[in-house]
Amino acid sequence: MSKYFCFKIGIELKKQLISLRKEFFRKTIHICTAFVPTMLHFAYIPTLICLFFAGVSYIVAEKLRSAGHEIPLISDITAAAARKRDENKFVLGPVTLVLGVLLASLLWEEIPAACGIYALAFGDGLASLAGKTLGKIHIPYTHGKTAEGSLTCFAAIFSSCFFVTQNCQIALVVATAGALFEVLPLKDFDNLIIPVLIGGIVTAMK
């Protein structure tokens, strides 16, 4: 095996490890939104205000970063979580994440909103991690989504929805819908669509 070939393998492995590390960091932020339903239960208005100001602060900081002005902590977090497609661009993911959680909280009652937020936190978050680490069977026309990721998404949404609603039928319908939404190539807009639509489905089935 030539030194050049070994060098190429090493470079490719390094790129994969960096991509995986970024994905873990990014989805950890996703999973942290699972704390929001509990916060809404005990402090509804203050939590909404905190989410709103977190979103606005991020937009301002990201605009400044895009213009070449680094903002301590926020710019570091953005750089650590940014994917290759986000390089040298405004990173939209955190905006749609906050907006999706806010809309679900405002549009739906506590239980449907919690189901929607948990679907985003666990379903979307764990699906991506499972796909990156375990994914072997790629689903056509989905920009790299895998069957393993979709099954993980289904299981995570079913479990979290059943925990909240104690209703197997609702959990089954919601998990199926959530897995279908997640597999669509929506880029960062799945953060917005999943919690709102899942909350709407739970509201309609209650």
Side-chain angles (χ1 to χ4, degrees), residues 18-40 43-108 113-133 142-145 149 152-153 156-157 160 178 181-199:
I18 291 172
S19 176
L20 188 60
R21 185 183 65 187
K22 283 178 176 287
E23 193 68 16
F24 268 98
F25 184 76
R26 199 165 57 84
K27 291 307 178 180
T28 297
I29 297 172
H30 259 67
I31 293 169
C32 284
T33 60
F35 291 108
V36 172
T38 302
M39 295 167 64
L40 288 167
Y44 182 76
I45 297 299
T47 300
L48 291 179
I49 292 171
C50 287
L51 286 170
F52 175 78
F53 278 106
V56 171
S57 298
Y58 172 80
I59 291 171
V60 173
E62 186 62 2
K63 282 286 188 182
L64 290 172
R65 187 188 70 84
S66 300
H69 306 288
E70 295 294 318
I71 307 300
L73 185 61
I74 296 179
S75 295
D76 292 337
I77 291 174
T78 302
R83 291 164 292 193
K84 188 171 182 61
R85 74 180 190 216
D86 296 321
E87 289 177 1
N88 303 316
K89 297 179 182 177
F90 184 98
V91 181
L92 188 61
V95 178
T96 56
L97 182 71
V98 171
L99 189 56
V101 172
L102 266 175
L103 285 175
S105 305
L106 290 169
L107 289 172
W108 314 125
C115 288
I117 294 168
Y118 288 147
L120 176 64
F122 299 123
D124 186 44
L126 295 178
S128 182
L129 294 179
K132 286 282 187 181
T133 55
T142 61
H143 295 187
K145 300 293 180 73
T152 301
C153 178
I157 295 177
S160 60
F181 294 147
E182 194 279 331
V183 82
L184 296 174
L186 300 172
K187 297 186 178 180
D188 290 318
F189 289 99
D190 58 354
N191 296 339
L192 181 59
I193 293 170
I194 287 174
V196 173
L197 289 184
I198 293 298

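Atom CG of Leu197 and atom CG of Leu107 lie 10.5 Å apart (nearest 0.5 Å). To the nearest 0.5 angstrom, Leu99 atom CG is 4.5 Å from Leu103 atom CG. Atom CZ of Phe35 sits about 13.0 Å away from atom OG1 of Thr47, to the nearest 0.5 Å. Distance CD/Glu182 to CD1/Ile193: 12.0 Å, rounded to 0.5 Å. To the nearest 0.5 Å, the span separating OG1 on Thr152 from CG on Leu126 amounts to 7.5 Å. Here the straight-line distance linking atom OG of Ser160 with atom CG of Leu120 works out to 10.5 Å at 0.5 Å rounding.
For the pair Phe122 and Ile157, the minimum side-chain heavy-atom distance is 4.5 Å or more. Put simply, the side chain of Tyr118 does not reach to within 4.5 Å of the side chain of Ile198, judged on heavy atoms. Between Ile59 and Pro94, every side-chain heavy-atom pair lies at or beyond the 4.5 Å cut-off.
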**Request:** Please assess Cys153 against Val183 for the test side-chain contact (heavy atoms from CB on, under 4.5 Å), listing each intermediate value before the final yes or no.
**Result:** CA-CA 9 Å; Cys153 178; Val183 82; over 6 Å; no
**Request:** Show the numbers, then the answer: is there a side-chain contact (heavy atoms from CB on, under 4.5 Å) between Leu97 and Ile29?
**Result:** CA-CA 9 Å; Leu97 182 71; Ile29 297 172; 4.1 Å; yes
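Applying the salt bridge (charged side-chain N to carboxylate O under 4.0 Å, His left out) rule to pairs touching residues 117-126 yields Lys27-Asp124, sequence neighbours excluded. For the salt bridge (charged side-chain N to carboxylate O under 4.0 Å, His left out) condition, no pair includes a residue of residues 45-59, sequence neighbours left out.
If you run side-chain contact (heavy atoms from CB on, under 4.5 Å) between Val98 and each of Leu102, Val101, Val95, only Leu102 comes through.
Heavy atoms from other residues, nucleotides or ligands lying under 6.0 Å from CZ of Phe53 number 12 at most.
The side-chain hydrogen bond (donor to acceptor under 3.5 Å, both in side chains) test applied to Asn191 returns His30, Thr96, not counting sequence neighbours.
Between Ala119 and Ile194, the shortest heavy-atom contact is CB-CG2, 4.0 Å. The two residues Gly149 and Ala127 make their nearest non-hydrogen contact at O-CB, 3.2 Å. Taking each heavy atom of Ala121 and Ala34 in turn, the nearest pair found is CB-N, 3.8 Å.
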